[in-house]
Amino acid sequence: DRALAFSRKARLSGRTLPWAVMIEGFVAQARRQPDIAAERLREAREIRTPETSRYHAQLLRLDASILFGEGRIRETRDRLFDALRIIRRGDFSYGRTLDALAATYAAENNFYAEPLFQAAVRAKEEVGDLPGLAVTFGQLGRFYFDSENYELAEVWFKRDLEESSERDDA
């Protein structure tokens, strides 16, 4: 809700309009509204704006999120690898991009997911992305649970719950 409130204000400013539209796309995707997310992605691509690499990386991330929701894993990975070629460690979205990439491997029960999730945790800790950390903790819990490593799953689920509870987001 805070993201949408920010986006409504940003839409009033022509200079931040592209970012506002993209935020709305990410929120729609998080709310499992892929048609709205796809429309916002199209809208964000059509807005005439000086193309920056950072903006392009976020477009790739939104596109990857939509593709992942459609089960198009290979294309999702391609977009995320492209985004990681642009996004640098220390950027707020770096950990979230690693997390999304790890999720593509976890979806196939591929153990490449584990080091990517761990790297996402480190990256999110570096920038203080506490809501993002809780997501990754939960992702790690699900990954270990699906791998039948119930002890590690419990550890990560507890960390997810603790982090979410501290922010009153459980």
Side-chain angles (χ1 to χ4, degrees), residues 2-3 6-7 10 16-34 36-47 49-147 152 156 159-160 163:
R2 284 187 296 171
F6 170 80
S7 122
T16 55
L17 176 64
W19 291 97
V21 172
M22 196 174 333
I23 288 168
E24 291 169 11
F26 278 112
V27 169
Q29 189 63 16
R31 291 183 173 171
R32 300 199 182 351
Q33 299 170 320
I36 294 171
E39 179 56 36
R40 292 302 172 271
L41 176 61
R42 280 190 293 279
E43 188 179 344
R45 283 182 173 148
E46 291 172 3
I47 295 172
T49 182
E51 185 67 25
T52 66
S53 58
R54 191 164 185 235
Y55 183 74
H56 181 68
Q58 300 315 310
L59 286 175
L60 288 166
R61 286 185 59 234
L62 179 55
D63 193 19
S65 179
I66 293 166
L67 291 167
F68 187 71
E70 295 171 353
R72 296 164 58 185
I73 303 296
R74 184 78 220 134
E75 292 168 89
T76 300
R77 279 190 198 130
D78 290 345
R79 299 305 188 288
L80 292 170
F81 279 122
D82 287 347
L84 283 170
R85 287 184 189 94
I86 299 168
I87 301 168
R88 296 291 173 237
R89 187 174 197 99
D91 186 297
F92 191 80
S93 64
Y94 184 76
R96 291 183 177 216
T97 305
L98 288 172
D99 192 53
L101 184 60
T104 68
Y105 288 102
E108 298 175 332
N109 295 319
N110 184 317
F111 279 88
Y112 283 129
E114 184 178 24
L116 288 167
F117 278 133
Q118 297 291 346
V121 167
R122 288 188 301 278
K124 290 177 181 186
E125 286 173 338
E126 287 175 11
V127 297
D129 183 2
L130 302 180
L133 271 172
V135 169
T136 304
F137 294 159
Q139 294 268 40
L140 273 161
R142 281 185 288 288
F143 173 72
Y144 287 121
F145 186 85
D146 291 344
S147 303
L152 275 177
W156 289 105
R159 287 191 71 185
D160 176 17
E163 185 61 48

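Source: prediction; values computed, not measured.
To the nearest 0.5 Å, atom CG of residue Leu116 and atom CZ of residue Phe111 are 13.5 Å apart. Between atom CD of residue Gln29 and atom CD of residue Glu24 there is a gap of 14.5 Å, rounded to the nearest 0.5 Å. Here the CZ-CD1 distance, from Phe26 to Ile66, works out to 8.5 Å after rounding to the nearest 0.5 Å. Considering CZ of Arg159 and CG of Leu133, their distance stands at 7.5 Å, rounded to 0.5 Å. We find the NE2-CD1 distance between His56 and Ile87 to be 10.0 Å, quoted to the nearest 0.5 Å. Distance CG/Asp63 to CZ/Phe68: 14.0 Å, rounded to 0.5 Å.
What you find for Gly95 and Ala120 is that their closest heavy atoms are O-CB, 3.5 Å. Taking every heavy atom of both residues into account, Leu59 and Ala44 meet most closely at CD2-CB, 3.7 Å. Considering all non-hydrogen atoms of both residues, Ala57 and Ile86 come closest at CB-CG2, 3.8 Å. Looking at every heavy atom in both residues, Pro131 comes nearest to Arg96 through CB-NH2, 4.3 Å. Scanning both residues, Phe143 and Ala106, for their nearest heavy atoms gives CD1-CB, 3.9 Å. The minimum heavy-atom distance linking Tyr144 with Gln118 is given by the pair OH-NE2, 4.0 Å.
A donor-acceptor pair is defined here as one N or O able to donate and one able to accept, closer than 3.5 Å; no such pair exists between the side chain of Ser65 and the backbone of Arg61. Using a distance-only test at 3.5 Å, with no hydrogens or angles considered, no donor-acceptor pair links the side chain of Arg72 to the main chain of Gly69.
Enclosure of atom CZ in Phe92 by more than 12 non-hydrogen atoms of other residues, nucleotides or ligands within 6.0 angstrom is indicated. Within 6.0 Å of the CZ atom in Arg89, the count of heavy atoms belonging to other residues, nucleotides or ligands exceeds 12.
Glu46 has its side chain out of reach of Glu43: every pair of non-hydrogen atoms, C-beta onward, lies at least 4.5 Å apart. Inter-residue side-chain proximity for Asp91 and Arg54 is flagged as met; some heavy-atom pair is nearer than 4.5 Å. Using a 4.5 Å heavy-atom threshold, the side chains of Ser93 and Gln58 count as touching. Between Ile36 and Arg31 there is no side-chain heavy-atom pair separated by less than 4.5 Å.
Ion pairing of Glu39 with Arg42 is present here, as a side-chain N (NZ or NE/NH1/NH2) and a carboxylate O approach within less than 4.0 Å. Checked for salt-bridge contact, Asp146 and Arg142 miss the test: no charged N lies under 4.0 Å from a carboxylate O. Salt-bridge formation is detected for the pair Asp82/Arg85: a Lys NZ or Arg NE/NH1/NH2 atom is positioned less than 4.0 Å from an Asp or Glu carboxylate oxygen.
In this structure, Arg77 forms a cation-pi arrangement with Tyr105, its terminal cationic atom sitting closer than 6.0 Å to the ring centre and no more than 45° off the ring axis.
Tested against Ile73, the residues Leu67, Asn110, Asp78, Thr104 include a single side chain to side chain contact (heavy atoms under 4.5 Å, CB included) partner, Thr104.
Note on ring orientation: taking the six-membered ring where Trp is involved, the planes of Phe137 and Trp156 are tilted (angle from 30° to 60°).
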